[in-house]
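Keep in mind that the numbers below use all heavy atoms, side chains included, and drop hydrogens, waters and symmetry copies.
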Amino acid sequence: MDMHRRSSPRARILLVAALAYATLAGGCQRAAVEDRPPGPPAAVEVPEVAPADQPAPDDELQVPELAETGMDAILVAAPAEVPREMRPPTLTMAQSRQLREAIAPAQQGALAAAQRNLEALESDPSLRPYARHNRAVLIFAEGRQAAAERLWEEVLEEEPSYAAPLAALVTERLRQGDRAGARSLVARQMQRSEGAATVEAIQLFVLLDEGRYEDIIRQSRSILFRDELNMDVYVALAHANHALGRAELAGFIIEEGLSREPAQPALLLLRARMAEESGQRGEAIAALRRAIRADGNPLHPTLRLMLSRLLMEERQAEEAESVLRPLLALPRYPADTLLNLGAALRMQGRYDEALRFYDQANDRGADPQVLRFNLAVLHLEGDLPGLTRQARLERGIELLTAFIEGSPDLPETHPARDYLAEAATSLRLMTEVGGGRRGSQRPARPAADPFGGGESDPFGGDESDPFGGDESDPFGGDESDPFAD
């Protein structure tokens with residue numbers, strides 16, 4: 001990426017004009033949106049639900065984005081009012097390549113090797129903040145949260161205007177429900193950095209968590225005038241307008257952001273969610289594939305979990321399996337990974353393997369309702385060793401009954417009801433005539449995305465990631481991506 005790249009005057013005017021329109025329109029639309037649930041916050045990404053219609057939030061793995069590993073490798077110029085000694089250094093393309101090569105072992109699960117590589121780069125003053133931030137991400141992924149946070153704090157002391165470590169700390173506070181702590185961190189860094197736009201942009205994610213969407217729009221204008229390529233602003237703005245029901249404007253902001261950073265995972269994740277909401281599943285899949293190819297963070301499962309679900313809905317189980325498998329190389333991964341893998345294997349007729357993954361998901365504390373539904377479908381469809389067809393039908397009926405009774409708000413159209421009726425009919429015929437026709441072989445559809453349609457707060461599920469995702473990172477994905485600075 002050209003480190004001196006700037007947006008065209010026309011694009012900048014269009015974006016500022018759109019922000020002005022959004023501010024004016026906000027007064028007219030406020031009454032209409034007051035009762036909307038909060039939109040998906042970009043500050044936190046959470047894994048997508050497993051293949052069932054019941055949400056299965058999984059906070060077991062919340063990992064910040066690896067910064068400066070792809071198109072985000074070059075930090076944009078810091079705002080002019082920030083003293084030079086407080087500006088994060090700008091990387092050359094060669095230095096960016098060094099950083100990517102150092103992180104590469106983490107993509108195969110070799111976190112310790114990647115940490116050693118990064119530590120070796122810390123002697124280079126230009127690479128030091130990036131290497132230390134990414135080493136903290138890997139430490140966090142190993143479950144050593146306190147050690148990771150200490151390292152992020154050290155980076156922020158040395159580089160007060162570097163947004164990535166601040167975003168990691170802020171989004172972790174938000175994931176824990178500590179908004180006061182998140183605000184305090186931003187206020188401290190605003191003072192240390194003398195009001196750097198990179199730091200002020202992180203405050204937008206606190207506002208997003210609070211549902212203060214109009215405030216985000218107003219504050220974003222002043223940040224963009226000082227730092228027009230700040231991708232955190234684009235992410236927050238797109239989420240805010242999406243939450244306010246301004247899909248066209250949110251889409252415009254996403255495209256403007258992607259024209260500057262084509263591989264920005266948080267924006268691609270939101271594009272995918274919006275495409276699915278509008279019934280364009282193919283476009284959603286294309287956006288997620290693109291994000292996964294470009295995302296340098298293998299520790300961010302949101303994108304893969306959401307893509308696997310969409311692929312299974314399209315009957316592309318083999319690709320869904322290949323998308324999920326890399327997550328198993330990580331020291332920790334969401335239990336939903338095992339549920340989705342089980343579903344993908346079941347759809348391929350690999351029933352024994354599917355059962356093993358469901359057992360592992362149970363051991364890792366997967367949502368019991370999601371697990372019941374998946375196990376029920378497996379028993380109704382698959383030839384499992386040691387079980388007669390009658391025993392499988394009886395077990396499937398038992399699991400489906402428990403699933404339905406444990407889901408008081410289950411829609412009448414949920415496939416579990418059809419499966420239960422068909423299984424009961426098959427069992428009755430079997431017992432009456434000593435056999436009869438087999439039960440339905442129709443596979444269960446993977447679960448609906450909690451972000452499709454209504455705006456349930458994923459702050460707790462892509463895709464999460466603290467760091468969606470998500471659906472994670474943390475901003476993307478979100479994901480969904482926060483640490484792309």
Side-chain angles (χ1 to χ4, degrees), residues 1-27 42-43 71-72 74-90 159-164 166-167 170 183 186-187 189-208 210 212-244 246 248-262 264 266-267 270 475 481-485:
M1 180 180 114
D2 180 357
M3 74 183 81
H4 302 296
R5 188 193 209 167
R6 289 292 180 270
S7 62
S8 68
R10 177 180 178 275
R12 180 174 174 180
I13 290 170
L14 282 173
L15 184 58
V16 173
L19 292 176
Y21 162 76
T23 302
L24 292 173
M71 292 300 292
D72 297 321
I74 307 300
L75 196 67
V76 299
E81 76 276 13
V82 180
R84 173 165 294 278
E85 62 271 14
M86 290 188 177
R87 296 181 185 178
T90 300
E159 297 291 348
S161 60
Y162 184 21
L166 176 62
V170 165
R183 284 192 294 267
V186 174
Q189 288 307 115
M190 285 290 287
Q191 183 175 13
R192 284 180 176 177
S193 67
E194 299 184 3
T198 51
V199 173
E200 187 178 356
I202 302 304
Q203 187 177 34
L204 299 178
F205 294 108
V206 182
L207 299 177
L208 196 61
E210 295 171 337
R212 294 167 58 185
Y213 307 125
E214 300 291 358
D215 289 341
I216 290 170
I217 293 168
R218 282 189 290 270
Q219 189 169 333
S220 294
R221 286 182 294 173
S222 66
I223 300 174
L224 285 173
F225 273 119
R226 292 179 288 150
D227 187 5
E228 64 187 83
L229 291 184
N230 191 301
M231 296 308 296
D232 289 326
V233 176
Y234 281 87
V235 171
L237 268 177
H239 275 281
N241 281 284
H242 178 238
L244 289 168
R246 302 168 185 161
E248 186 174 356
L249 183 54
F252 170 78
I253 293 167
I254 289 171
E255 295 311 313
E256 281 294 302
L258 291 175
S259 72
R260 292 153 174 74
E261 297 288 355
Q264 220 292 331
L267 293 177
L270 181 56
F475 305 105
D481 16 101
F483 311 97
D485 263 355

Open item on the list: Holding to side-chain contact (heavy atoms from CB on, under 4.5 Å), I want the full list of residues that pass it with Gln189, two or more places apart in sequence or in another chain.
Closed with: Leu156, Pro160, Leu166, Arg192, Val199
[X] [atom1] to [Y] [atom2] distance, which is reported to the nearest 0.5 Å:
{"X": "Gln203", "Y": "Leu207", "atom1": "CD", "atom2": "CG", "result": "5.5 Å"}
{"X": "Leu270", "Y": "His239", "atom1": "CG", "atom2": "NE2", "result": "4.5 Å"}
{"X": "Met190", "Y": "Glu200", "atom1": "CE", "atom2": "CD", "result": "4.5 Å"}
{"X": "Ile223", "Y": "Ile202", "atom1": "CD1", "atom2": "CD1", "result": "9.0 Å"}
{"X": "Tyr213", "Y": "Asn241", "atom1": "OH", "atom2": "CG", "result": "11.0 Å"}
{"X": "Ile253", "Y": "Glu255", "atom1": "CD1", "atom2": "CD", "result": "11.0 Å"}

Open item on the list: Donor-acceptor pair, distance only, cut-off 3.5 Å: does the side chain of Glu261 make one with the backbone of Gln264?
Closed with: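 It does not hold such a pair.
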Task: Donor-acceptor pair, side chain of Thr198 and main chain of Ser161, under 3.5 angstrom - done: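 Such a contact is found between Thr198 side chain and Ser161 backbone.
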Open item on the list: Testing the basics here: between Asp227 and Ala197, what is the closest heavy-atom pair and its distance to 0.1 Å?
Closed with: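 For Asp227 and Ala197, the tightest heavy-atom pair comes out as CB-CB, 3.8 Å.
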TODO: List the atom of Ala236, the atom of Leu204, and the distance in Å for their closest heavy-atom pair.
DONE: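 Residues Ala236 and Leu204, closest heavy atoms: CB-CB, 3.7 Å.
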- [ ] List the steps, then state whether side chain to side chain contact (heavy atoms under 4.5 Å, CB included) holds for Leu267 with Met231.
- [x] CA-CA 9 Å; Leu267 293 177; Met231 296 308 296; 3.6 Å; yes
- [ ] Could you check if a side-chain atom of Leu224 sits within less than 4.5 angstrom of a side-chain atom of Tyr234, using non-hydrogen atoms only?
- [x] yes
Task: Heavy-atom side-chain contact between Leu244 and Ile217 under 4.5 Å - done: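 Yes; the side chains approach each other to less than 4.5 Å.
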- [ ] Identify whether the distance between the nearest side-chain nitrogen and carboxylate oxygen of Glu214 and Arg221 falls below 4.0 Å.
- [x] no
TODO: List for me each residue that meets salt bridge (charged side-chain N to carboxylate O under 4.0 Å, His left out) alongside Glu210, sequence neighbours excluded, and say none if there are none.
DONE: Arg183, Arg212
TODO: Go through the steps to decide whether Phe205 and Asp232 satisfy the test side chain to side chain contact (heavy atoms under 4.5 Å, CB included), and finish with yes or no.
DONE: CA-CA 8 Å; Phe205 294 108; Asp232 289 326; 3.7 Å; yes
